[in-house]
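Right, one structure below, let's go through it.
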Number of protein chains: 2
Amino acid sequence: MTDVAQRSGVSIASVSRALRGESGVSPATRERILTAARELAYVVSPEASRLSGGPTGRVGVVVPRVDAWFYSTVLAGIAGEFDAVGVDLVLCALPDHPARHRFFEALPLRRKVDAVVVVSVPLTTRERSRLTQLGLPTVFVGGHHPRDGQPWVGIDDELAAQQAVGHLLRIGHRDIAMIQAGDNEGIPWATNEARIRGFHRMVSEAGLGDSTVVTVEWGIDGGARGMETLLSGPELPSAVFCHSDEIALGALRTLRRSGISVPHQISVIGVDDHPSADLSDLTTVAQPVCQQGQIAARQVLAHLDPDAVQAPAEVTTLPTRLVVRGSTAPPR
Amino acid sequence: MTDVAQRSGVSIASVSRALRGESGVSPATRERILTAARELAYVVSPEASRLSGGPTGRVGVVVPRVDAWFYSTVLAGIAGEFDAVGVDLVLCALPDHPARHRFFEALPLRRKVDAVVVVSVPLTTRERSRLTQLGLPTVFVGGHHPRDGQPWVGIDDELAAQQAVGHLLRIGHRDIAMIQAGDNEGIPWATNEARIRGFHRMVSEAGLGDSTVVTVEWGIDGGARGMETLLSGPELPSAVFCHSDEIALGALRTLRRSGISVPHQISVIGVDDHPSADLSDLTTVAQPVCQQGQIAARQVLAHLDPDAVQAPAEVTTLPTRLVVRGSTAPPR
DNA sequence: CTGAAAGCGCTTACAG
DNA sequence: CTGAAAGCGCTTACAG
């Protein structure tokens, strides 16, 4: 900053003001300073800035894991928006219980970032209160709507389930099972609860009787096992609604290996529109994923600097869309 | 820290030394200081620490993009290792030319991190020199071996290609085409070059004549178009070696839509062992991905604190492994 | 609009 | 072993 000040012939105070776009600097000097800064490829030291009461220029992003399509795509959306305004992204993945525990107890993000984006992490009361103790603006992607009116972006999971099951009903299925993703370490995922609620609502509104629901661990293998369970039952349902595409893809794998023909003997539908859904010709309910990240990012950025970014609505529910492919057909 | 100094009746210099476990503090004072610190629930300010010459406790990770299986999986491996030792991960994605340009010209990582991990980003000479200007320890994952002996971890891409083509030759194929991923924005990807080299070597060592190579944009759609090109040729090869699984998956999609049976009419093989390869029954050459991230992470961490982490070899080449599935069979 | 100066909370030579 | 002091690179009243 001293270099920039020298090069533009002003004091560091003016540089600081100009760089932060503060009012009270004449357009001419501002221009000169910005040019000098660009020429020197100057970047502010977040430490010094922070130490003197400024922001860190960093935002923490918390994801359950990064090596899953949904999260990495949300992350890409966030990263793109941050990059555009020069905000650094500090990534926190909580793939297992120890990592999760460490995160909420030690609060490693404390004093290191200006805000936090929490992606799809279901929170216990304790965890929610720890997060509050960070004292940082926080926006949530997916899962529970925060009760206290904090910014949120996501889809209507119950509606998504209804769209999927509605499609099955519409083409004539009466015997529909569901493969549901189980709770992770005893913490209820709002997404799961909403999707199963949507399923039950549609089934009961259609006046159908009891329907089979098997609960498995989330993922392709979970889906595969879920379908094995259904195959071992007394009679095969004519259609299966899967909690998500990864579950559905696992289910398809089991069916293929069992020589059961899709959609002739059984229809399968998922939720997400995972890239593999297209490859596997899986009917699904698509949700915008990258966009959820982008909107969440804009929400935090608007919070940090209302002038820089057009603020999206505090709570944004994005639409989902039925995508019919080859894995669903009327029952025989 | 002033509080701790007062409470234990020493100078802040001694407190700083005692807290960092530096030698040169008498056991008695050290004890007194640690007790006082505990009583006051004192935590050092990372900002102040950094500003006075300490480390940032942060490492930058640069990836071409985060929403692709390979990169997000490497990232997960890195994140896990960092988390275990309390190092923060600053994520930089360079999905397009502007982002890439901004990164190398503005060097937003400067003064913000203690080291950098560069994942699979092919570098121009200019970019390499900019990176050097950061003056930070850097480790590379995949792509070119850095000439100057910097730490590197990856696989032998040429060998991987040979394993794939070797399999096709072994089961009797004589007419093998390749779908190759093209250069991205004019920058040659070492991975691409090595894989095509391996292909040509195997084909010529087998004494086969000219073989068709089509070059497409990386990704599923690229692979699909590549196969369309092959289909429009004079005669269908009996087997196709694809640069990677995503290309192969696209190729399979085209074949399915064209009603061409795999492996009966044509064999397809890829490289990676992408999760979808299993779902699509694709034969491939598997590479360890998460592990590449873990090793790279340990390399940086060992660099930053040789005592804390067991250092892996400076250059680590991980083995690849042929995984035979249903998409390859002897020619008719 | 602009600058001189204090201060953020540490680390690190430099003396003692 | 211990302390006084400079300085890290900023922001922010406070003057001009």
Side-chain angles (χ1 to χ4, degrees), chain A residues 1-37 40-58 86-88 110-114 135 304-305 307, chain B residues 1-37 40-58 86 88 106-114 134-136 304-305:
Chain A
M1 183 171 267
T2 317
D3 297 341
V4 179
Q6 266 178 354
R7 190 179 187 101
S8 45
V10 295
S11 69
I12 58 163
S14 295
V15 175
S16 173
R17 285 189 278 253
L19 255 29
R20 277 172 304 116
E22 234 178 38
S23 65
V25 188
S26 73
T29 14
R30 181 183 304 271
E31 188 53 44
R32 205 142 33 86
I33 290 167
L34 294 181
T35 306
L40 294 167
Y42 171 80
V43 260
V44 296
S45 152
E47 282 66 38
S49 168
R50 177 66 190 151
L51 198 53
S52 332
T56 63
R58 263 174 254 137
V87 161
D88 292 324
R110 197 175 15 162
R111 302 157 82 192
K112 291 181 181 168
V113 296
D114 302 326
L304 297 179
D305 182 358
D307 302 329
Chain B
M1 184 173 267
T2 318
D3 297 341
V4 178
Q6 266 179 353
R7 190 179 187 106
S8 43
V10 296
S11 70
I12 58 164
S14 296
V15 174
S16 174
R17 284 189 277 255
L19 254 30
R20 276 172 305 116
E22 231 179 41
S23 65
V25 187
S26 74
T29 18
R30 181 183 301 271
E31 187 53 44
R32 204 143 34 86
I33 290 168
L34 294 181
T35 306
L40 293 168
Y42 172 79
V43 232
V44 296
S45 152
E47 284 69 35
S49 169
R50 169 56 186 160
L51 198 52
S52 342
T56 63
R58 259 172 260 138
D88 291 325
L107 294 180
L109 244 30
R110 196 172 22 155
R111 301 151 83 198
K112 290 180 181 171
V113 297
D114 301 326
L134 273 177
L136 294 172
L304 297 180
D305 183 359

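Lettering follows sequence order; numbering is per chain, from 1. Note that the structure is predicted; figures quoted are calculated from it, not measured.
Taking for each of B:L51 and A:R50 the nucleotide of DNA chain D with the nearest heavy atom, the 5'-most of the two is the partner of B:L51. Remark on DNA chain D: of its neighbouring residues B:G24 and B:S52, the 5'-side contact belongs to B:G24, judged by nearest-heavy-atom nucleotide.
Extent of DNA chain D lying under 4.0 Å from chain B heavy atoms, first and last nucleotide in 5' to 3' order, is D:dC1 to D:dC10.
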*Would you sort out whether A:L19 and A:Y42 count as a side-chain contact (heavy atoms from CB on, under 4.5 Å), showing the intermediate values?*
CA-CA 10 Å; A:L19 255 29; A:Y42 171 80; 3.4 Å; yes
*asked:* Using the rule given for side-chain contact (heavy atoms from CB on, under 4.5 Å), can you reason through A:V4 versus A:R7, listing the C-alpha separation, both sets of side-chain angles and the distance that settles it, and then say yes or no?
replied: CA-CA 5 Å; A:V4 179; A:R7 190 179 187 101; 5.7 Å; no
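A search for side chain to side chain donor-acceptor pair (under 3.5 Å) contacts involving B:Q6 returns nothing, not counting sequence neighbours. The salt bridge (Lys or Arg N to Asp or Glu O under 4.0 Å) check on A:R58 picks up A:E47, with sequence neighbours excluded. A:S8 meets the side chain to side chain donor-acceptor pair (under 3.5 Å) test with no other residue; sequence neighbours excluded. Listed by chain and number, the residues in a salt bridge (Lys or Arg N to Asp or Glu O under 4.0 Å) with B:E31 amount to none (sequence neighbours excluded). Listed by chain and residue number, nothing satisfies the salt bridge (Lys or Arg N to Asp or Glu O under 4.0 Å) test with B:R17 (two or more places apart in sequence, or in another chain). For A:R30, there are no salt bridge (Lys or Arg N to Asp or Glu O under 4.0 Å) partners two or more places apart in sequence or in a different chain. Every residue two or more places apart in sequence or in another chain that forms a side-chain contact (heavy atoms from CB on, under 4.5 Å) with B:D3 is listed here: B:L40. Partners of B:S49 by side-chain contact (heavy atoms from CB on, under 4.5 Å), not counting sequence neighbours: none found.
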_Dot-bracket, 5' to 3', for DNA chain C please: Watson-Crick or G-U pairs under 3.5 Å, [ ] where pairs cross earlier ones, | where the partner sits on another strand, dots elsewhere._
|||.||||||||.|||
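The stretch residues 28-36 of chain A touches DNA chain C through A:T29, each having a heavy atom under 4.0 angstrom from the strand. The stretch residues 9-17 of chain B comes close to DNA chain D through B:V10, B:S11, B:A13, B:S14, B:R17, each having a heavy atom under 4.0 Å from the strand.
Between the B:S16 side chain and the B:I12 main chain, no donor and acceptor come within less than 3.5 Å of each other.
Note that OG1 of B:T56 is 8.0 Å distant from CG of B:D88, once rounded to the nearest 0.5 Å.
The shortest heavy-atom contact between B:A18 and B:V25 is N-CG2, 4.0 Å.
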